[in-house]
Colleague: 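Take a look at the following structure, please.
For the single chain, residues carry numbers from 1 onward in sequence order.
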Amino acid sequence: MDFFALIAIVVAFYVALMFLDFTFKSCSHYPYLMLIQKTGLSVGPFQLRWYTTSLNRLILKMSFWHPKFQTNWFTFGSWITICLIIPSICLVIVSSAQLCKKIFTEPTSEPSGNQQDTFLEPIVPGINLPMSDLSYYIFALMFSTVFHELGHALAAIREDMHVEGVGLMFILILPVAYVHLDDITSLPSSKQLRVMSAGVWHNIVQALMAYLVLWLLPYMLFPFFTVGHGVMTTQINQKSGVNGQGGLVTGDVITKLGNCDVHDFDSWIDCLNRTKTSVDSGFCLSPEFVQHHDETKPVHYVDEYIINCCDPNSKTNLCFEYIESLSNPQELPNHSCLNVRKVIERSTSPCDADNQCTSAHCYYPAIRKNHKLVVIKREKKNEVLFLGQPTELQYISVTQYVPKTDYLPNSIPESIEKFCKYLIMFAGGLAVINVIPCFYFDGEKISRVLVNTMLKEHVEHLSVRLAISICLTIFGSLILIIYMILGFWSLIKIIN
């Protein structure tokens with residue numbers, strides 16, 4: 001299911017929901033009216049709201065846990081939030097410049113190694129987010145916005161404000177939590193800052209906690225999963241040449257890719273990159289081995305560059321080219337048809353020239369220019385021989401968590417990792433965006449209080465200080481609007 005199919009399903013769902021809501025209300029359907037009254041549900045244009053006061057008592061009890069610590073907690077959070085304003089504005093400006101460069105720069109066929117990803121970029125399921133991760137997307141965003149509003153509610157109660165109620169709203173598929181508070185302008189400036197900064201502060205802490213869990217996850221799962229001794233295949237795309245009979249299967253533990261050792265996910269990525277950029281190496285073979293196992297057929301050219309000296313129907317043999325040493329020339333056949341697996345088993349070492357082989361000779365596989373012969377070593381299984389373009393190996397999905405028992409699902413570490421990564425993404429994004437002075441965001445109120453407090457002794461008239469804060473808010477709003485336009489423009493470019 002792609003992005004447009006998802007939008008069509010969601011829009012159809014809301015149209016049907018609004019039609020039923022309008023029908024039942026116009027008919028004064030008593031059971032329906034009682035249902036929405038008791039549950040606090042309400043239906044709007046492409047949105048579904050839930051509002052309740054039943055959680056007020058629970059939030060009130062939470063605000064009395066270690067009151068002195070909470071006061072210091074929100075005070076420290078207000079200072080951290082204030083320090084985040086200028087870096088957040090700079091981050092959005094830099095991200096806008098990167099998006100602009102991405103939009104107006106023609107894409108190259110081979111991405112450069114020094115290209116950097118955009119720091120901040122809108123994420124839309126089905127475009128730059130796999131549809132398979134939609135559930136992680138929704139729950140991580142919901143958890144982030146709920147934790148954000150919980151911070152406002154707890155800080156408000158600590159400052160003797162009344163919480164009227166809390167709610168959750170779905171705009172299409174985007175969850176947004178909200179809390180209704182009393183008028184905050186009657187509080188002193190320091191208390192206003194604690195309440196208004198609490199949401200951003202909670203998102204910062206949430207992102208840090210998710211990062212800590214992600215960092216400690218190998219140690220937390222140590223009794224059940226092994227990390228650092230290879231990667232395990234979780235999914236093999238049919239486009240990959242290692243799929244099928246004699247290839248990799250789900251659950252294989254890969255320990256080596258060519259001449260590169262694989263320990264964890266990072267080393268797997270490094271080995272993939274090395275395989276794509278490295279120069280083909282040959283195999284050191286003894287003359288006796290070549291003479292006893294040579295099955296050479298009449299040599300013929302497959303194309304302008306490729307020579308084949310094996311039976312075209314053979315799936316186990318490959319034509320190897322003898323690289324003669326300049327220091328110790330010996331007359332041997334230029335091409336020999338050998339069994340690939342036996343060559344790998346009997347090879348004494350890899351070679352780039354014949355003089356690197358001791359009492360042996362260097363043989364190179366005669367394959368296409370963009371193809372490579374890669375030996376994939378597995379734990380407790382025979383090696384898998386891959387012949388093709390190295391980019392096909394990218395279609396293998398792996399995890400660095402190898403289970404110690406068959407009773408636990410292999411997807412547990414990957415699910416925790418994904419959820420933590422999305423929490424870092426959304427919680428950090430909410431913190432950065434919310435702290436910028438912009439209309440209807442926390443940054444608008446924070447900047448207004450800061451301007452009023454810092455300029456109180458220098459600017460006498462309140463209206464002038466208010467005008468300055470409005471100008472800052474307009475500036476921040478324009479930055480965010482430009483960023484959003486460029487972000488969605490880049491997404492449209494991806495679709496087209």
Colleague: Please confirm whether Lys445 makes a cation-pi placement over Tyr440, using NZ or CZ under 6.0 Å from the six-membered ring centre and within 45° of the ring normal.
Modeller: no
Colleague: Within a 6.0 Å radius of atom CD1 on Ile86, are there more than 12 heavy atoms belonging to other residues, nucleotides or ligands?
Modeller: no
Colleague: Do Leu55 and Thr52 come within less than 4.5 Å of each other through their side chains, counting heavy atoms only?
Modeller: yes
Colleague: Without hydrogens or angle criteria, can the side chains of Gln192 and Arg194 be said to hold a donor-acceptor pair below 3.5 Å?
Modeller: no
Colleague: One pair to check against ring pair (Phe, Tyr, Trp, His ring centres under 6.0 Å): Phe74 and His202. What are the steps and the verdict?
Modeller: CA-CA 9 Å; Phe74 289 118; His202 269 213; 5.8 Å; yes
Colleague: Does a side-chain heavy-atom distance below 4.5 Å link Asn434 with His148?
Modeller: yes
Colleague: Could you tell me whether the side chain of Asn56 reaches within less than 4.5 Å of the side chain of Leu60, counting heavy atoms only?
Modeller: no
Colleague: Could you tell me whether Phe104 and Trp489 have their ring centroids closer than 6.0 angstrom?
Modeller: yes
Colleague: Please tell me if the side chains of Glu417 and Tyr401 come closer than 4.5 Å, counting only heavy atoms from C-beta onward.
Modeller: yes
Colleague: Measure the acute angle between the ring planes of His180 and Tyr51, then classify it against the limits of 30° and 60° as parallel, tilted or perpendicular.
Modeller: tilted
Colleague: Using a distance-only test with no angle check, is there a side-chain donor-acceptor pair under 3.5 angstrom linking Ser415 and Tyr136?
Modeller: yes
Colleague: Does Phe265 CZ have over 12 foreign heavy atoms under 6.0 Å away?
Modeller: no
Colleague: Do Ser267 and Asp264 have side-chain N/O donor and acceptor atoms under 3.5 Å apart?
Modeller: yes
Colleague: For the ring pair Phe143 and Phe426, is the centre-to-centre distance below 6.0 Å?
Modeller: no
Colleague: Does Met169, at its CE atom, have more than 12 non-hydrogen atoms belonging to other residues, nucleotides or ligands within less than 6.0 Å?
Modeller: yes
Colleague: Hey, do the aromatic rings of Trp50 and Phe170 have their centres closer than 6.0 Å?
Modeller: no
